Structures are given as C-alpha cells and as structure tokens.
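Only one structure is covered here, and it is reproduced in the block below.
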Amino acid sequence: MKNKIVAGNWKMNNNKEQTKSLLNKLKSYKIPDDVRIIVAPSFTQLDQSLQILKGTKIGVAAQNMNAASSGAFTGEVSAEMLKGIGVNSVIIGHSERRSLYHESDEILINKVKSAIESNMEIIFCFGEELDDRKSGLHFEIINKQLSSTLFNFSESDWKKIILAYEPVWAIGTGETASPSQAQEMHSYIRKIISNRYNDNLAKNVSILYGGSVKPNNVEEIFKGLDVDGGLIGGASLNAEDFMAIVNAF
Ligand code: PEP
C-alpha cells in the first residue's frame with residue numbers, strides 16, 4: 001500500500017552527541033498520523049538511534065550495505081549485520097555511491113537481491129545527470145536505470161521497495177526540480193512500471209522526490225499527485241526544517 005514518507009539521509013554527518021540531540025528534538029514534535037518518517041544516520045550511530053527512537057513512529061535506515069552476507073570485505077557492513085541490531089531499511093543506489101564509489105548496475109542488483117533475501121525495506125535511488133536533462137534524454141535515462149536494475153526483479157520482490165527519484169543536478173546544489181518536472185517524471189515512472197509489471201504495482205509503489213527539498217519549496221513539490229514524499233539530505237540535519245517538510249503534506 002502506498003505511504004506518505006519523508007526520509008532523512010544524514011550522509012556522513014552527526015557524531016554521537018549531535019545524533020542524540022537531533023533525534024531528541026525530532027521526538028518532541030507531533031508526527032502526522034498518515035506520514036512515515038525514516039532517518040538514515042551513519043553506521044556508527046544506528047544502534048544509538050534505534051535505542052533513542054524506540055517506541056516512536058520514527059524508523060531507522062542504513063545508508064548503504066554490502067551484497068555479501070559476511071567474509072573478507074574490509075570496511076563493509078552486511079544486511080545480516082544490520083538486521084542483527086534491528087535495522088530493517090536501507091538506502092541503495094544513492095548517486096553519491098554510484099559516482100564516488102563506482103557502484104555499477106551489477107553491484108546494485110546484488111545489493112537489492114541481498115536486501116530482499118534479508119527481508120529488508122529498500123529505498124532505491126536513481127536520477128539523471130544535468131547533461132541528460134539538458135539534452136532532453138531524462139526519460140530515456142530513467143527508463144534505462146530502472147530497466148537495468150529493479151526491472152530484473154519479479155513483482156513479488158517489489159513488496160518492500162520504495163523509489164526515490166533524485167535528479168543528480170538537484171542533489172545538494174540548492175537547485176530543485178520544479179514541481180511540474182517532479183510530477184511529470186513520477187508519472188512517467190508509474191507508466192513504465194505499469195508497462196513492465198501492471199497497473200496495480202505502478203499505483204501502489206511509493207515514489208519519493210529528492211534534490212534540495214527545503215521548507216520553502218516542499219509544499220508545491222508534494223502537491224504532485226504522483227509524489228508520495230521526499231528523500232531529504234541537507235534539510236534533514238535540522239529538526240525544525242525536517243519537521244516543516246514532514247508537515248507539508
Ligand atoms: C540526497 O542526498 O538524497 C538529497 C536529496 O540531498 P539534498 O536534499 O541535500 O539535495
């Protein structure tokens with residue numbers, strides 16, 4: 001079933017004290033009944049975050065995971081390890097992982113497979129580069145990105161998949177897609193999901209928009225009929241801004 005979701009990707013920010021302070025501030029806000037909130041702290045703050053958020057409506061996700069369950073992968077963390085401490089959601093395919101850490105479609109497919117096998121919820125990110133948009137290739141690129149990754153999975157594998165459309169040119173740049181650009185792309189994404197699978201899956205998958213969403217632009221973006229929420233980077237580091245976004249539906 002489609003949910004309204006606001007997820008905060010903290011990236012490599014917030015030490016132990018900052019995590020505690022931000023989460024305690026978030027906890028003090030009343031959360032609308034029909035909105036799910038997820039925060040994605042760094043690996044080192046996941047355990048503490050789960051403890052602080054116990055009994056609240058705020059969920060915790062990891063920002064990344066390795067596809068293997070264990071072994072000689074120095075510096076990596078598996079789905080099994082995340083599940084072991086109680087983390088049941090993970091972000092896969094963020095543009096920073098794709099560009100800075102060279103995560104290919106094959107790597108992403110293996111991560112998604114491993115997350116599904118571990119019964120984890122996946123926030124799967126994808127989005128076009130500025131040049132793609134300028135040359136009018138954005139729809140084609142999005143189709144390609146989904147066809148070469150998630151469209152390899154069966155319909156039943158999609159039960160715990162949340163999509164996050166994040167145009168790369170809008171991430172951390174202060175430049176956001178216009179509400180109509182976001183809505184137009186989300187509607188296109190439903191169309192290609194319907195073509196590959198069926199209408200029911202296309203209607204029910206949650207599609208978040210990400211890319212410089214702030215309190216001052218969120219209301220218009222969330223008005224898009226096919227926009228089910230947001231994946232928020234910079235603005236998720238400030239409790240007041242993040243909760244203003246949560247309350248913008
Ligand atoms: C992100 O990193 O997923 C993101 C959307 O960042 P920002 O909101 O800062 O653009």
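Bear in mind the structure is a predicted one, so any value in this text is a computation, not a measurement. Atoms within each ligand, like the ligands themselves, are counted from 1 in listed order.
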Non-hydrogen atom of A170 closer than 4.0 Å to ligand 1: yes
I232, any N or O under 3.5 Å of ligand 1 N or O: no
Those atoms of ligand 1 less than 4.0 Å from some heavy atom in G234: 7 (P), 8 (O), 9 (O)
Nearest-contact summary for atom 4 (C) of ligand 1 - protein heavy atom, Å: G233 N, 3.6 Å
Pair D228, S206: side-chain N/O donor-acceptor within cut-off below 3.5 Å: no
K159, NZ: over 12 other non-hydrogen atoms inside 6.0 angstrom: no
Enclosure of K191 NZ (heavy-atom neighbours >12, cutoff 6.0 Å): no
Test of ring centre spacing under 6.0 Å for W158 and Y197: yes
Exceeds 12 heavy-atom contacts within 6.0 angstrom, atom CD of E155: yes
More than 12 heavy atoms from other groups under 6.0 Å of CD on Q51: yes
Contact check, A235 vs ligand 1, heavy-atom distance below 4.0 Å: no
side-chain contact (heavy atoms from CB on, under 4.5 Å) between N24 and K20, intermediate numbers included: CA-CA 6 Å; N24 280 325; K20 201 169 163 181; 3.9 Å; yes
Over 12 non-hydrogen atoms of neighbours within 6.0 angstrom of CD in Q181: yes
Atoms in ligand 1 flagged as close to G172, the criterion being non-hydrogen separation under 4.0 Å: 7 (P), 9 (O), 10 (O)
I171 contact mode with ligand 1 (heavy-atom cut-off under 4.0 Å): both
Those atoms of ligand 1 less than 4.0 Å from some heavy atom in L231: 3 (O), 5 (C)
Sub-4.0 Å atoms of ligand 1 with respect to non-hydrogen atoms of N9: 2 (O), 3 (O)
For E103, the option from R98, K111, H94 that meets side chain to side chain donor-acceptor pair (under 3.5 Å): K111
Polar proximity ligand 1 side, T173 side, N/O cut 3.5 Å exclusive: no
Ligand 1 N/O within reach of E96 N/O, cut-off under 3.5 Å: no
Atoms in ligand 1 flagged as close to S212, the criterion being non-hydrogen separation under 4.0 Å: 7 (P), 8 (O), 10 (O)
Where ligand 1 meets G211 - atom numbers and elements under 4.0 angstrom, heavy-atom basis: 5 (C), 10 (O)
Nearest-contact summary for atom 3 (O) of ligand 1 - protein heavy atom, Å: E166 OE2, 2.7 Å
